[in-house]
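In what follows, a single structure is set out as structure tokens and then discussed.
Proteins get letters first, then strands, A, B, ... in listed order; numbering begins at 1 in each.
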Amino acid sequence: MPLQIYNSYTRQKEIFESVTPGHVGMYVCGPTVSGESHLGHARPYITFDVVYRFLQHKKYKVRYVRNITDAGHFEEEGREAEDKVSKKAQLEKLEPMELVQKYTNLFHWAMKQFNCIEPSIEPTATGHIVEQIGMIEDIIAKGYAYEVNGSVYFDVKKYAASHDYGKLSGRVIDELLDSSNRDSVTRELDGQNEKRDAADFALWKAAPPEHIMRWKSPWGEGFPGWHIECSAMATKYLGATFDIHGGGMDLLFPHHESEIAQSTICNHAAPVKYWIHNNMITINGRKMGKSYNNVIKLTELFSGDHPLLQQAFHPMTVRFFILQSHYRSTLDFSNDALLASEKALKRLWEAYEILQKLTIENEGEINQELDEKLNNWLQEFEMFMDDDFSSPKVIANMFEMAPVINSFKDGIIPVNSIRSATLALMQERFKTFLEEIFGLTATDSGNNEKMKPVMELLLELRKEAKAKKDFATSDRIRNQLNAIGIIIKDEKDGNTSWGLA
RNA sequence: GGUCCUGUGGCCGAGUGGCUAGGCAGAGCUCUGCAAAAGCUCGUACAGCGGUUCGAAUCCGCUCGGGACCUCCA
């Protein structure tokens, strides 16, 4: 079964065929490094990390480009005298690039916590001013942009006359162009008078004197508009038309719509074959965002230091929580929901570790029904992921198998009642999907080399005490360990295992 | 105001017209020196009202509720 992807541009699932056979070019809108990343930001990066991993699993050579926006966006075209990055830099008395460095480092740290693979190229906006200026000059030369007082605007009306502006975001172009229609959006902006039409967007903005981040351009000193950076960098590294462009749904308009317009004019081709957009993370039914004042930063999530959190959550718990819902659904955050994910992941991971240790010496009488059921579940892993990356269904199948695996271990079902080929396939599929595609890792950090012999000694002592029916001693060991967060489990075969709570 | 999405059991969440999603929490049982873990079993669902259909959570219409975008935004 071929990979199918829901394309936001056509609003339907399409069979994935890459522009260049065997290769995939993927661009994902990266962070604006003017502040700390929050839980909402984690979703696209984890979602597209899984997309990246799955494409590689499908044997594609993938060039994954994810930008760092370090030039700053505008609060509103022209409304703020300064862009976000430089404004905050002054408040915090930091050099703009110092601030950029700080949050870039923090972002990279968070990505590492989530076990996200680094992109192939991580270009910065400030490193590509030349390319952006070149692209703007090209758009002007082709007659789709105009300069006013040192700023350059894209002529949406002209573009819309011959192109489908608004298709991606489902916007009605006449409404966008007719500013009298926008009664709720009365924009009294300085840039507004310069524009020929309210729908036009900035490609380049003249920098007022106090603006720190500024570059020389054919139109005077200024800084690039927000949308041009992605067009310039995507074109440079992925070509005129590339396979996948990803990002959050909130970027559909105006960002991605504008990107399509800019690139289409410059390259005479639609820039992207498949647009993929992840849905938002909500908190009490509201989108998580600065304007709603309901942000949980990643550092707060990992430390538990937030009024909405009862405890710290491991990055893998968060990753699992995100993978348990489909990327195009909204995902509602709560402490309880995360707690449930934490327990679920623990259970699944324990079953996975048990699975990897199972062996079959000699096949016994084969339980055909069970053997077949297991094979079906395993086969569906790939099918579900092929169907627009349906990770929740794969996870559900894994949970179907967890009781079977546990029963093998406890001897409730003999392991050799399934074919050894089936067991081998289970071990391989679980490893591939859980570790390589979902990018999950063990969370049991206390299980290190020094700890093992110590625990073995303690468990040996406890076993001896139990043999002598000295339950006071055996319970003392168990309870003391329990108190410091180590759980002892007596198993059916008389062995004892342990793990962190 | 415009465009679009959505409403599933205590909670989170899959659901392609007909067959138990799954997880967490809860109840009972088995195993266990006791516990934990594990296994087995159980319960309450498809916002409301109409329509299409042999049959609808799934398609259509209306009503009510929630949300997103239209402005920086993952």
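Using a 30° and 60° split on the angle between ring planes, A/Trp275 and A/His256 fall in the tilted class, from 30° to 60°. By the 30° and 60° cut-offs, the orientation of the rings of A/Phe201 relative to A/Tyr165 is parallel. The aromatic rings of A/Tyr159 and A/His163 lie parallel to each other, their planes meeting at an angle below 30°, with 60° marking the opposite boundary. A tilted orientation is assigned to the rings of A/Phe242 and A/Tyr27, their planes being inclined by 30° to 60°.
A donor-acceptor contact under 3.5 angstrom links the side-chain atoms of A/Asp490 to the base of B/A35. With hydrogens and angles left out, the side chain of A/Asn397 and the base of B/G22 share no donor-acceptor pair within 3.5 Å.
Side chains of A/Glu194 and A/Tyr153: a donor on one and an acceptor on the other come within 3.5 Å. A donor-acceptor contact closer than 3.5 angstrom is absent between the side chains of A/Asn279 and A/Thr330. Using a 3.5 Å distance cut-off with no hydrogens or angles, the side chains of A/Thr443 and A/His314 do not pair a donor with an acceptor.
A/Asn406 places no side-chain N or O within 3.5 Å of a backbone atom of A/Ala351 that could act as its donor or acceptor partner.
Separating the P atom of B/C60 from that of B/G18 is a span of 15 Å, rounded to the nearest Å. B/G10 sits 23 Å from B/U16 when the P atoms are compared, rounded to a whole Å. As rounded to the nearest Å, B/A25 and B/C69 have C1' atoms that lie 36 Å from one another. Taking atom C1' on both B/A14 and B/U8, the two are 10 Å apart, rounded to the nearest angstrom. Comparing the same atom, P, in B/G9 and in B/C49 gives a spacing of 16 Å after rounding to whole Å. Of the P atoms belonging to B/A47 and B/A57, the separation is 10 Å, rounded to the nearest Å. Across B/C11 and B/G7, the matching C1' atoms stand 16 Å from one another, rounded to whole Å. Nucleotides B/A21 and B/G15 place their C1' atoms 7 Å apart, quoted to the nearest Å.
Here A/Ile488 lies in heavy-atom contact (under 4.0 Å) with a base. A/Leu252 comes within 4.0 angstrom of nothing in the nucleic acid, heavy atoms only. Using a 4.0 Å heavy-atom cutoff across all strands shown, A/Ala344 reaches sugar-phosphate atoms only and no base atom.
Straight-line distance from the CZ atom of A/Phe471 to the P atom of B/C34: 9 Å, rounded to whole Å. Put simply, CZ on A/Phe320 is 13 Å from P on B/A14, counting in whole angstrom units. The CD1-P distance, from A/Ile484 to B/A36, rounds to 20 Å in whole Å. Rounded to a whole Å, the NE2 atom of A/His256 is 19 Å from the P atom of B/A68. Rounded to whole Å, atom P of B/U71 lies 19 Å from atom CE of A/Met249. Atoms CD1 (A/Ile354) and P (B/G39) sit 9 Å apart, rounded to a whole Å. Taking atom CD of residue A/Glu400 and atom P of nucleotide B/G22, one finds them 5 Å apart after rounding to whole Å. In this structure, A/Asp70 places its CG atom 19 Å from P of B/C72, rounding to the nearest Å.
For the pair A/Asn278 and B/A74, the criterion of a side-chain N or O lying under 4.0 Å from OP1 or OP2 is not met. Proximity of A/Tyr6 to the phosphate of B/C5: no side-chain N or O atom is located under 4.0 Å from OP1 or OP2.
B/G7 is paired with B/C64 under the Watson-Crick or G-U wobble criterion, all donor-acceptor distances under 3.5 Å. Across all strands shown, B/G33 remains unpaired; no Watson-Crick or G-U wobble contact has both distances below 3.5 Å. Base-pair partner of B/G26: B/C42 (Watson-Crick or G-U wobble, both distances under 3.5 Å).
In this structure, the aromatic ring of A/Phe399 is not positioned over the six-membered ring of the base of B/G23 within 5.5 Å between centres and 30° between planes.
Near RNA chain B, meaning a heavy atom under 4.0 Å away, the residues from residues 282-289 of chain A are A/Gly285, A/Arg286, A/Lys287, A/Met288. Within residues 321-332 of chain A, the residues approaching RNA chain B are A/Gln324, A/Ser325, A/His326, A/Ser329, A/Leu331, A/Asp332, by heavy-atom distance under 4.0 Å.
Nearer the 5' end of RNA chain B, as judged by each residue's closest nucleotide, is the contact made by A/Arg347, out of A/Arg347 and A/Pro31. Take the nearest nucleotide of RNA chain B for A/Ala337 and for A/Ile412: the residue whose nucleotide is more 5' is A/Ala337.
Side-chain proximity of A/Lys343 to the nucleotides B/A21, B/G23, B/C24 is greatest for B/C24. Here the side chain of A/Arg478 is nearest to one of B/A35, B/A21, B/A38, namely B/A35. The A/Pro403 side chain lies nearest to B/C40 when the options are B/G22, B/A74, B/C40. In the set B/G33, B/A68, B/A74, the nucleotide with an atom closest to the side chain of A/Lys466 is B/G33. Residue A/Ile487 places its side chain closer to B/A36 than to any other of B/A36, B/C69, B/A74. Of the candidates B/G23, B/A74, B/G33, B/A74 carries the atom nearest the A/Tyr45 side chain, counting heavy atoms from C-beta on.
The side-chain heavy atoms of A/Ile488 and A/Met455, taken from C-beta on, include a pair separated by under 4.5 Å.
Using a 4.0 Å cut-off between a side-chain N of Lys or Arg and a carboxylate O of Asp or Glu, A/Glu350 and A/Lys346 qualify as a salt bridge.
Evaluated for a ring-ring contact (aromatic ring centres under 6.0 Å, His included) with A/Phe381, the options A/Phe438, A/Phe433, A/Phe54 yield exactly one hit, A/Phe433.
Pairs engaging residues 320-345 of chain A under the ring-ring contact (aromatic ring centres under 6.0 Å, His included) rule: none recorded [sequence neighbours left out]. Each salt bridge (Lys or Arg N to Asp or Glu O under 4.0 Å) pair with one or both residues in residues 469-485 of chain A, not counting sequence neighbours, appears once here: A/Asp475-A/Arg478.
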Taking only nitrogen or oxygen atoms into account, show me every contact under 3.5 Å that the protein makes with nucleotides 16-18 of chain B, one pair per line with its distance.
none

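For A/Phe313 and A/Phe302, the gap between ring centers reaches or exceeds 6.0 Å.
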Pair up each side-chain donor or acceptor in residues 110-121 of chain A with any protein partner under 3.5 Å, not counting sequence neighbours, and list the distances.
{"from": "A/Asn115", "atom 1": "ND2", "to": "A/Gly439", "atom 2": "O", "distance (Å)": "2.9"}
{"from": "A/Ser120", "atom 1": "OG", "to": "A/Tyr64", "atom 2": "N", "distance (Å)": "2.7"}
{"from": "A/Ser120", "atom 1": "OG", "to": "A/Tyr64", "atom 2": "O", "distance (Å)": "3.4"}

